[in-house]
Amino acid sequence: MMDKHAQPLLNQLGDYPFERLKKLFQHSSPNPELLHIDAGAGEPRLPLPSFVQDTLNEHIQGFSKYPATRGNADLQRSIVRWLKHRFHLQQLDMRTQVLTANGTREALFAIAHTLVNPEAKQKPYVMMPNPMYQIYYGAAVTAGAEPYLLHCLADDGFEPCLDDIDAKTWERTAFMYVCSPSNPTGWIAKHDYYARLLELADQYDFYIVADECYSEIYTDEPPIGLLEVAQQLGRNDFSRCLVMNSLSKRSALPGLRSGLIAGDATLIARFAKLRSYTGPGTPLPLQAVAAKAWSDEEHVTQHLDVYRNSLRAFFDVWSEAHQPEGSFFVWLPVDDDEAFAKAAYEQQAVTVLPGSYLGANDAQGCNAGAGYIRAALVDGEDKAAELAVRLKKVRV
Ligand SMILES: Cc1ncc(COP(=O)(O)O)c(C=O)c1O
């Protein structure tokens with residue numbers, strides 16, 4: 001019998017990567033002689049910054065009030081101060097160019113439902129890197145768009161490839177997700193890449209959504225941001241640009257669920273309208289913690305040291321492998337990514353994610369994530385070194 005509740009767009013999506021991983025491991029168990037290392041999820045596991053507890057206690061009464069969807073003024077001010085300082089911005093208006101979100105995940109998803117016209121004669125394209133943070137794909141599909149995959153290949157330094165895209169394709173594009181630093185490849189967008197995108201965006205009338213939530217985790221210099229490039233090009237209104245950032249990675253507070261959206265005031269206004277229906281405000285005590293976290297750099301510098309030391313320890317062992325420019329992920333080539341992940345779990349009690357779970361098939365059936373595994377270095381230097389040694393021993 002036909003299921004009258006079937007949602008055809010949702011049905012186009014496969015299981016989320018961590019569900020697939022559970023299925024892959026359902027008949028396996030980790031080597032009982034070793035302590036398990038979970039490098040599967042990108043969840044920072046560093047000590048809580050010291051201000052969290054006190055700030056929460058001080059603002060605990062805030063749980064008895066409904067928070068406004070846009071965030072309160074203290075948090076907005078603190079976000080604007082951080083963005084201006086970090087990206088050398090001269091102007092950014094907290095009332096019209098900034099919104100808060102319960103983490104960037106919901107915002108990255110909801111933005112597709114703001115920028116895609118589901119009634120367009122031809123399905124609009126949403127461009128995205130392949131492999132990608134899977135939310136982009138799910139958002140595009142459920143908003144009624146067609147994901148357009150930009151392959152990120154080792155030979156190009158994992159830069160999402162913009163070659164060979166014809167004018168018709170660009171004209172159909174509603175917006176593009178850029179992830180810099182990239183999960184999972186560690187690529188970072190440079191000035192010229194963002195500048196080229198802005199030129200194309202003007203020429204073909206589309207928007208750029210930059211997911212910069214790993215911006216504070218890098219091996220060399222702090223990555224440039226989309227808003228910074230826009231300003232350098234004289235686009236002081238940040239037209240066509242939205243950036244998302246988060247305290248989950250920067251402050252190792254993924255459970256706080258606090259992020260920001262900033263950029264083009266027209267887009268912000270449209271997004272704020274959607275969020276006034278779908279996005280609950282962040283609880284006030286959590287907003288107070290978030291305001292503190294955006295205002296403190298000391299804990300961020302400490303975290304960065306830990307990530308850099310972890311990467312160094314890992315690549316001391318894997319010196320031949322590609323090193324990420326940013327993020328805490330390593331992206332290692334293997335023959336068969338599912339078989340490798342299973343063997344790593346059974347032989348070495350290590351959880352890593354098969355790269356194909358982070359990619360999608362293009363029209364030719366090519367998944368740019370296949371043949372890689374992703375490991376997150378989120379447990380400090382010693383575990384990173386141990387992880388590297390164990391991964392070397394895996395035999396498929
Ligand atoms: C690339 C990328 N963007 C966004 C997020 C979402 O982070 P949050 O919702 O915690 O801000 C993640 C989380 O893993 C991520 O890897």
Side-chain angles (χ1 to χ4, degrees), residues 16-19 21 38-46 71 75 79 82-83 98-112 126-140 147 150 152 158 160 176-189 208-218 223 225-226 242-262 275 278-280 282-283 286-287 289-290 293-294 300 303 307 324-331 351-353 355 357-360 369 374-378:
Y16 201 68
F18 297 114
E19 293 305 314
L21 195 62
D38 183 1
E43 180 187 50
R45 297 189 198 106
L46 300 176
L75 176 54
I79 286 173
W82 179 74
L83 281 168
V98 172
L99 283 177
T100 65
N102 294 318
T104 43
R105 181 184 180 128
E106 62 129 347
L108 286 162
F109 186 86
I111 192 66
V126 171
M127 295 208 175
M128 64 189 69
N130 186 27
M132 84 293 277
Y133 181 48
Q134 292 283 297
I135 300 303
Y136 311 155
Y137 196 91
L150 304 169
C152 310
F158 296 106
M176 178 188 291
Y177 286 110
V178 184
C179 186
S180 171
S182 152
N183 168 10
T185 67
W187 166 80
I188 286 179
I208 304 166
V209 175
D211 176 356
E212 297 181 353
C213 75
Y214 291 93
S215 66
E216 305 317 287
I217 305 172
Y218 47 87
L226 176 62
L242 273 189
V243 298
M244 313 249 177
N245 213 314
S246 165
L247 291 171
S248 301
K249 319 294 174 181
R250 164 191 152 86
S251 296
L253 291 172
L256 186 66
R257 310 309 307 131
S258 186
L260 69 84
I261 307 152
R275 294 195 76 258
T278 67
T282 309
L286 304 190
Q287 289 196 41
V289 174
W294 289 114
V300 182
H303 294 173
Y307 291 128
E325 294 170 276
S327 89
F328 45 57
F329 295 113
V330 295
W331 185 239
T351 299
V352 293
L353 203 58
Y357 295 6
L358 295 167
R374 189 192 77 177
L377 306 188
V378 285

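Each ligand, and each atom within it, is numbered from 1 in the order the structure gives.
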Nearest protein heavy atom to atom 10 (O) of ligand 1, by residue and atom, and its distance? S248 OG, 2.5 Å
Out of N245, L247, D211, whose heavy atom sits nearest atom 3 (N) of ligand 1? D211
Checking a contact table here: which protein heavy atom is nearest atom 9 (O) of ligand 1, and how many Å away? R257 NH2, 2.7 Å
Heavy atoms only, cut-off 4.0 Å: how does T104 contact ligand 1, side chain, backbone, both, or neither? both
Donor + acceptor pair across side chains of N102, T282 (<3.5 Å): yes
So the atoms of ligand 1 within less than 4.0 Å of a heavy atom of G103 turn out to be 9 (O), 11 (O)
Can you name the side chain to side chain contact (heavy atoms under 4.5 Å, CB included) partners of V300, sequence neighbours left out? E216, R250, E297
Rounded to the nearest 0.5 Å, what separation is found between the CD atom of E43 and the CG atom of D38? 8.0 Å
How far is atom 4 (C) of ligand 1 from its nearest protein heavy atom, and which residue and atom is that? Y133 CE2, 3.2 Å
Record the part of C179 in heavy-atom contact with ligand 1 below 4.0 Å; permitted values are side chain, backbone, both and neither. side chain
From OH (Y133) to CG (L358), nearest 0.5 Å: 11.0 Å
Is there at least one pair of N or O atoms, one from S246 and one from ligand 1, spaced under 3.5 Å apart? yes
Which of the numbered atoms in ligand 1 are under 4.0 angstrom from any heavy atom belonging to Y214? 1 (C), 2 (C), 14 (O), 15 (C), 16 (O)
Of the backbone atoms (N, CA, C, O) and the side-chain heavy atoms from C-beta on, which set of L108 has a member under 4.0 Å from an atom of ligand 1: side chain, backbone, both, or neither? side chain
Purely on distance, is any nitrogen or oxygen of K249 under 3.5 Å from one on ligand 1? yes
Could you tell me whether F329 and Y214 have their ring centroids closer than 6.0 angstrom? yes
For the residue pair R45 and F328, would you count it as a cation-pi contact if the rule is NZ or CZ under 6.0 angstrom from the ring centre and within 45 degrees of the ring axis? no
So is C213 in contact with ligand 1, going by heavy-atom distances below 4.0 Å? yes
